[in-house]
Amino acid sequence: MRLLGIETSCDETSVAMIDERGRVLANLIASQIERHRPFGGVVPEIASREHLAHLMPLIEEALAAAGLERKGIDAIAVTVGPGLIGALLVGVAAAQGLAWGLDVPMIPVNHLEGHIVSPWLQLEGDALPLPPRFLSLVVSGGHSSIYEVLDGDPPEARMINRTRDDAAGEVFDKVAKFVGLPYPGGPNVERVARDGDDARFPFQLAQFKDETLDFSFSGLKASAIRLARQEKLAGRGEEGGAALADFCASFQRAIGDQILDRLERLYRQLRAESRVPAELGLAGGVAANGMLRRRVSAWCEERGITPRLPEKRFCTDNAAMIAFAGLRLRGGKSAADPRRQKAASRMAVGAV
Ligand code: KG4
Ligand code: ZN
């Protein structure tokens with residue numbers, strides 16, 4: 001079986017081919033980052049136009065890279081939400097047209113479910129088997145949540161927590177923009193933080209009065225911006241020198257501190273109920289962050305949990321993870337009537 005994946009929910013046009021064992025035969029990504037950079041963030045109208053220009057040629061390229069022709073496609077998995085509505089519609093319309101023309105099933109996929117399964121994909125060879133029950137921490141530009149995925153047909157992803165305000169990646173991007181680092185902020189903050197002292201500027205841990213495990217990153221964002229202003233780092237970019245490096249390292253550490261705090265509290269609850277799962281997947285664009293990867297891995301290993309870290313190319317948005325979610329979480333099941341399939345900018349996990 002050859003499954004074509006299509007992802008156009010944000011600023012990356014991506015097309016992949018995988019087989020029934022989750023082997024990635026092609027995974028191409030046309031990034032629009034350079035087109036959005038002058039604006040310091042994603043401009044929805046530009047995103048839709050770029051997807052429109054790049055999607056069909058990218059499908060041909062992916063087929064060529066996998067050594068297939070169009071008639072070799074057995075099914076099409078496509079992101080139907082959440083994301084930018086105009087951007088999603090480009091992918092959904094293309095999938096509908098192809099599925100209709102080739103007379104193959106069209107599998108609607110939730111973008112977050114793609115991230116959830118991404119740590120089990122391999123650069124080469126078969127994907128690892130998804131365990132019957134696992135935890136998934138998705139930290140991206142639009143989402144920050146922990147899920148518990150339970151065995152079933154189809155498997156069920158249950159949201160354990162979410163962010164009450166900004167997502168982790170969004171805060172990386174906004175703080176980076178304020179100090180004059182280029183978009184996307186996450187990788188640039190990480191690069192500058194490498195030479196910094198992460199203990200120089202301690203940030204307070206976000207806590208709620210109730211017992212909730214929810215994240216909150218907007219207080220951290222406000223404190224970081226206040227501090228950057230105090231330290232005269234606003235808009236200075238690389239000229240910020242050693243102070244900028246210490247600032248980035250301290251801010252990055254604070255993001256990690258909050259994530260580890262929520263994981264630890266969840267672990268204690270699960271342990272009390274004897275329900276600690278064997279594996280934990282870290283996913284989403286922020287999962288590319290080296291500090292977070294090291295800390296989450298070490299934390300898991302100390303508690304006897306196997307950490308699953310996605311390959312860097314499967315962290316940020318890509319179609320291989322969408323095809324894989326279509327295969328393993330949606331069981332390859334087609335939409336009842338692909339012609340009526342809708343895209344939605346907001347969509348809960350499990351609600352495709
Ligand atoms: O998953 P993704 O490609 O798109 C969404 O679905 O949101 O995530 C993009 C986000 C951006 O906010 C970007 O700054 C962040 O992931 N990101 C990083 C790193 N690489 C990407 N954040 C921290 N460290 C990184 N190395
Ligand atoms: Zn994403």
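In what follows, every heavy atom counts, from backbone to side chain, and hydrogens, waters and symmetry copies are set aside. All ligand and atom numbering here is 1-based and tracks the order in the structure. For clarity, every value in this text was computed on a predicted model and none was experimentally measured.
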K.L.:
Please determine if Asp11 and Arg37 form a salt bridge, counting it only when a charged side-chain N lies under 4.0 Å from a carboxylate O.
P.N.:
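Looking at Arg37 together with Asp11, the answer is no, because their closest N to O distance does not fall below 4.0 Å.
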K.L.:
Parallel, tilted or perpendicular: which describes the rings of Phe203 and Phe247, with under 30° parallel and over 60° perpendicular?
P.N.:
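Taking Phe247 first and then Phe203, their aromatic rings stand perpendicular (interplane angle over 60°).
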K.L.:
May I ask you to decide if the ring planes of His115 and His111 are parallel, tilted or perpendicular, using 30° and 60° as cut-offs?
P.N.:
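Aromatic pair His115/His111 classed perpendicular.
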K.L.:
Would you say the side-chain atoms of Glu20 pair up with the backbone N or O of Met1, donor to acceptor, closer than 3.5 Å?
P.N.:
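Present.
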K.L.:
Can you pull out the closest protein heavy atom to atom 10 (C) of ligand 1? Residue, atom name and distance to 0.1 Å, please.
P.N.:
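Here the closest protein heavy atom is Gly141 N, 3.5 Å.
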K.L.:
Could you check whether Thr306 and Glu279, counting side-chain N and O atoms only, form a donor-acceptor pair closer than 3.5 Å?
P.N.:
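No - no donor-acceptor pair under 3.5 Å links their side chains.
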K.L.:
For Ser140, counting its heavy atoms only, list the atoms of ligand 1 lying under 4.0 Å from any of them.
P.N.:
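Going through ligand 1 atom by atom, the ones under 4.0 Å from Ser140 are 1 (O), 5 (C), 6 (O), 7 (O), 8 (O).
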K.L.:
Looking at non-hydrogen atoms alone, which of Gly285, Ala287, Gly186 comes nearest to atom 20 (N) of ligand 1?
P.N.:
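Result: the heavy atom closest to atom 20 (N) of ligand 1 is in Gly285.
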K.L.:
May I ask you to decide whether Arg340 forms a salt bridge with Asp337, counting only side-chain N to carboxylate O separations under 4.0 Å?
P.N.:
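Yes, charged N to carboxylate O under 4.0 Å.
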K.L.:
Does the residue His115 have a heavy-atom contact with ligand 1, meaning some pair of atoms that are separated by less than 4.0 Å?
P.N.:
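In this structure, His115 qualifies as a contact of ligand 1 - some heavy atom is under 4.0 Å.
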K.L.:
Should Pro187 be listed as contacting ligand 1, given a heavy-atom distance under 4.0 Å as the test?
P.N.:
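It does; at least one heavy atom falls under 4.0 Å.
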K.L.:
Salt bridge check, Arg164 against Asp210: does any charged N sit closer than 4.0 Å to a carboxylate O?
P.N.:
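Looking at Asp210 and Arg164, the cut-off is met.
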K.L.:
Could you tell me, atom by atom, which parts of ligand 1 come under 4.0 Å of a heavy atom of Gly142?
P.N.:
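Counting atoms of ligand 1 from 1, those under 4.0 Å from Gly142 are 7 (O).
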K.L.:
Could you identify the single nearest non-hydrogen protein atom to atom 2 (P) of ligand 1 and state the distance to 0.1 Å?
P.N.:
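Protein heavy atom at minimum distance: Asp317 OD1, 3.4 Å.
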K.L.:
In the protein, which heavy atom is nearest to atom 13 (C) of ligand 1, and how far is it?
P.N.:
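Result for atom 13 (C) of ligand 1: Asp173 OD1, 3.7 Å.
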K.L.:
By number and element, which atoms of ligand 1 are closer than 4.0 Å to a non-hydrogen atom of Thr316?
P.N.:
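Result: 3 (O).
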K.L.:
Record the part of His143 in heavy-atom contact with ligand 1 below 4.0 Å; permitted values are side chain, backbone, both and neither.
P.N.:
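Looking at His143 and ligand 1, no heavy atom falls under 4.0 Å.
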K.L.:
For the rings on Phe172 and Phe251, is their centre-to-centre separation under 6.0 Å?
P.N.:
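They qualify: ring centres under 6.0 Å apart.
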K.L.:
Check each of Val24, Ile116, Val117, Leu3 against Phe324 using the side-chain contact (heavy atoms from CB on, under 4.5 Å) test, and report the only one that passes.
P.N.:
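Among Val24, Ile116, Val117, Leu3, the one that satisfies the side-chain contact (heavy atoms from CB on, under 4.5 Å) with Phe324 is Val117.
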K.L.:
Output the list of atoms in ligand 1 that are nearer than 4.0 Å to some heavy atom of Glu190, sorted by atom number.
P.N.:
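The list of qualifying atoms is 24 (N), 25 (C), 26 (N).
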K.L.:
Would the distance check show the side chain of Arg293 and the main-chain N or O of Pro310 forming a donor-acceptor pair, the cut-off being under 3.5 Å?
P.N.:
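Looks like yes, one N/O pair under 3.5 Å.
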K.L.:
Quick one: look up the protein heavy atom nearest atom 24 (N) of ligand 1 and list residue, atom name and how far away it is.
P.N.:
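Checked against all protein heavy atoms, atom 24 (N) of ligand 1 sits closest to Asn289 ND2, 3.0 Å.
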K.L.:
Check Asp317 and report its N/O/S atom nearest to the Zn ion (ligand 2), by atom name.
P.N.:
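Closest N, O or S atom of Asp317 to the Zn ion (ligand 2): OD1.
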K.L.:
Please confirm if an N, O or S atom belonging to Cys10, backbone or side chain, lies less than 2.8 Å from the Zn ion (ligand 2).
P.N.:
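Looking at Cys10, which is the residue asked about, there is no N, O or S atom under 2.8 Å from the Zn ion (ligand 2).
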K.L.:
Check each atom of ligand 1 against the heavy atoms of Gly169 and keep those under 4.0 Å away; list them by number with element.
P.N.:
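Result: 12 (O).
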K.L.:
Report yes or no: does Gln252 have a heavy atom closer than 4.0 Å to ligand 1?
P.N.:
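Gln252: no contact with ligand 1 (<4.0 Å).
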K.L.:
Taking the basic N atoms (NZ, or NE/NH1/NH2) and the acidic carboxylate oxygens, is any pair closer than 4.0 Å for Glu69 and Lys71?
P.N.:
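So Glu69 pairs with Lys71 through a salt bridge.
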K.L.:
If I consider every N, O or S atom in His115, which one ends up closest to the Zn ion (ligand 2)? I only need its name.
P.N.:
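Going by distance to the Zn ion (ligand 2), the closest N, O or S atom in His115 is NE2.
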K.L.:
What about Leu260 and Leu270, same hydrophobic cluster or not, with Ile/Leu/Val/Met/Phe/Trp/Tyr joined at side-chain heavy-atom distances under 4.5 Å?
P.N.:
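Yes, same cluster.
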K.L.:
Got a sec: is His111 within less than 2.8 Å of the Zn ion (ligand 2) via an N/O/S atom?
P.N.:
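His111 does place an N, O or S atom closer than 2.8 Å to the Zn ion (ligand 2).
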K.L.:
What are the atoms of ligand 1, with element, lying closer than 4.0 Å to any heavy atom of Phe172?
P.N.:
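Selected atoms, number and element: 22 (N), 23 (C).
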